[in-house]
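Inspection log for the structure reproduced underneath, given as structure tokens.
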Protein chains: 2
Amino acid sequence: MKATAQILKEKGLKVTPQRIAVYNMLLNTTEHPNAETIYKALEPTNPTMSLATVYKTLDYFKQLGLVQELNVGEGSSRYDAVVKCHPHTVCIQCGKVRDLYLEELTEIHKKIAEELDFEVRCEQLILYGICGKCRRENNENS
Amino acid sequence: MKATAQILKEKGLKVTPQRIAVYNMLLNTTEHPNAETIYKALEPTNPTMSLATVYKTLDYFKQLGLVQELNVGEGSSRYDAVVKCHPHTVCIQCGKVRDLYLEELTEIHKKIAEELDFEVRCEQLILYGICGKCRRENNENS
DNA sequence: ATCCCTGCAAATACTTTGCATACAA
DNA sequence: TTGTATGCAAAGTATTTGCAGGGAT
């Protein structure tokens, strides 16, 4: 795997501890954290890190295609180091956001897009509902 | 068509001029306005209307399933009186949000959802890209 | 008459910005 | 050395809330 510093350098970014920390954190989670969560997670190891820097860093990363912004209708945006467009499920009970990988779906969307007078750059599918864990817990308590 | 007052009453809401105005405005537009836009649009005819009331009203409507909230990644939420889940296109150049009606897609999503350990309540597909109008204008200027 | 709704203003949540200092190249 | 990045604090949006007065039923 390519080192984070190398990736940043290739994108023309100066390599700083903060940027490495943010990118690595995103690479090592599937939680789709928001800026605040990233900041809180890095605070222990990067005590001087500021929330503003997290926002600025995420903004650079977004511009350069290193991360993807995801808005599932909460107050804040979530971030994902998986840049390729892919569907997500959002549990409306526990709030968990999960990735889905469905090649077939992408193909279908592409086909449909071709029929529209619209040039698709990115497609975002969000399935809102109840995750398996919450459903089972609900059944137990009823 | 059922009168707005009647619809509100059936939902157990008190019928007020403000609520009628907001709901009618949403019924008569395809612009997917946000709260601010709704407020601005109603100001001329409802000079006492306040933005806070628009927010509260939209919140009630959302709870009762009279409107749908849509977040396409801007700072603010948009609202749609078409409650049935349906895909949208968002032009990343002019910002226009359009409805798509694709029954086939809904069916496909439903089938996929059945294979997941996830109970889908609502699905949201957003296609980001360049609309036909913008693409043609871009071609002329190049 | 009762209780819900409205409008104002203040509060909150999220994000961005200005600027002086610090650090990467 | 040079210019960019950081961190702080202040400012900027979007939205929510508390409360007193007003209006719908």
Side-chain angles (χ1 to χ4, degrees), chain A residues 3-25 32-64 66-79 95, chain B residues 3-23 25 32-64 66-67 69-79 95:
Chain A
T4 299
Q6 183 62 24
I7 294 171
L8 299 182
K9 206 175 288 176
E10 282 171 9
K11 290 286 184 179
L13 285 176
K14 281 200 178 171
V15 178
T16 69
Q18 290 86 343
R19 288 174 179 176
I20 291 176
V22 170
Y23 192 60
N24 279 343
M25 193 264 176
H32 308 81
N34 62 15
E36 183 81 30
T37 305
I38 296 170
Y39 171 64
K40 290 266 175 61
L42 297 181
E43 223 179 3
T45 42
N46 301 58
T48 73
M49 164 91 66
S50 85
L51 184 55
T53 298
V54 173
Y55 275 110
K56 286 172 188 166
T57 300
L58 289 171
D59 202 46
Y60 284 126
F61 286 2
K62 195 174 38 168
Q63 311 287 342
L64 296 169
L66 284 175
V67 303
Q68 187 182 170
E69 194 176 0
L70 176 66
N71 196 312
V72 301
E74 301 159 320
S76 57
S77 292
R78 289 167 173 264
Y79 295 87
Chain B
T4 299
Q6 183 62 24
I7 294 170
L8 299 182
K9 205 176 289 177
E10 282 170 9
K11 290 286 183 178
L13 287 175
K14 280 201 176 169
V15 179
T16 69
Q18 291 87 341
R19 289 174 177 177
I20 292 177
V22 170
Y23 193 60
M25 194 263 175
H32 308 81
N34 61 17
E36 183 81 33
T37 306
I38 296 169
Y39 172 64
K40 289 265 174 63
L42 298 181
E43 223 179 1
T45 42
N46 302 58
T48 74
M49 164 90 66
S50 86
L51 184 54
T53 297
V54 174
Y55 274 110
K56 285 172 188 166
T57 299
L58 289 171
D59 202 46
Y60 284 127
F61 286 2
K62 195 174 39 168
Q63 311 286 343
L64 296 169
L66 284 175
V67 304
E69 193 175 2
L70 177 66
N71 196 313
V72 300
E74 301 160 321
S76 56
S77 292
R78 289 167 172 265
Y79 294 87

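Chain letters run A, B, ... following the sequence lines, proteins first and then strands; every chain starts at 1. Remember, it's a predicted structure, so these values are computed and weren't measured experimentally.
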- [ ] Ignoring hydrogens and angles, tell me if any N or O in the side chain of A/Arg19 forms a donor-acceptor pair with the backbone of A/Lys14 under 3.5 Å.
- [x] yes

Open item on the list: Using a 4.0 Å heavy-atom cut-off, does B/Ser76 contact any base of the nucleic acid, only the sugar-phosphate backbone, or nothing at all?
Closed with: sugar-phosphate

Open item on the list: I'd like to know if B/Lys62 and B/Asp59 make a salt bridge, using a cut-off of under 4.0 Å between side-chain N and carboxylate O.
Closed with: yes

TODO: Give the nucleotide from the list C/dA25, D/dG7, C/dC14 with an atom nearest to the side chain of A/Val15.
DONE: C/dA25

Task: Nearest to side-chain heavy atoms of B/Ser50, which nucleotide of C/dG7, D/dG7, D/dA24 - done: C/dG7

Task: B/Leu13, nearest nucleotide to its side chain (from D/dT17, C/dC5, C/dT6) - done: C/dC5

Open item on the list: By nearest atom, which of the nucleotides C/dC14, D/dA5, D/dT15 is closest to the A/Tyr55 side chain?
Closed with: C/dC14

Open item on the list: On the nucleotide D/dT4, are OP1 or OP2 found under 4.0 Å from the side-chain N or O atoms that A/Tyr60 carries?
Closed with: no

Task: For atom CD of B/Glu43 and atom P of C/dC8, their distance in whole Å - done: 10 Å

TODO: For A/Glu74 and D/dT15, give me the distance from atom CD to atom P, rounded to whole Å.
DONE: 14 Å

Task: Closest heavy-atom pair and its distance - B/Ala21, B/Asn46 - done: CB-ND2, 3.7 Å

TODO: Specify the separation, in whole Å, of atom NZ of A/Lys9 and atom P of D/dT4.
DONE: 17 Å

Task: Distance-only side-chain donor-acceptor flag, A/Gln18 / A/Thr53, under 3.5 Å - done: no

Task: Sole candidate of B/Tyr79, B/Tyr23, B/Tyr60 that passes side chain to side chain contact (heavy atoms under 4.5 Å, CB included) when paired with B/Leu66 - done: B/Tyr23

Open item on the list: What's A/Thr16 touching, base or sugar-phosphate or nothing? Going by heavy atoms closer than 4.0 Å.
Closed with: sugar-phosphate

Open item on the list: Regarding A/Glu36, tell me which of base, sugar-phosphate or nothing describes its non-hydrogen contacts under 4.0 Å with the strands shown.
Closed with: nothing

TODO: Give one of base, sugar-phosphate or nothing for A/Tyr39, where a contact means two heavy atoms less than 4.0 Å apart.
DONE: nothing

TODO: Among D/dA24, D/dG3, D/dC8, find the nucleotide with the atom closest to the side chain of A/Ala52.
DONE: D/dC8

Task: Check: B/Lys56 side chain, D/dG18 base, donor-acceptor under 3.5 Å - done: yes

Task: Short side-chain N/O contact to D/dG23 OP1/OP2 from B/Gln18, under 4.0 Å - done: no

- [ ] Can you figure out which of D/dG23, C/dT15, C/dT6 approaches the side chain of A/Ser77 most closely?
- [x] C/dT15

Open item on the list: Measuring to OP1 and OP2 of D/dA24, would you say a side-chain N or O of B/Arg19 lies under 4.0 angstrom away?
Closed with: no

TODO: Please report, rounded to the nearest Å, how far the P atom of D/dT13 is from the CG atom of B/Asn34.
DONE: 14 Å

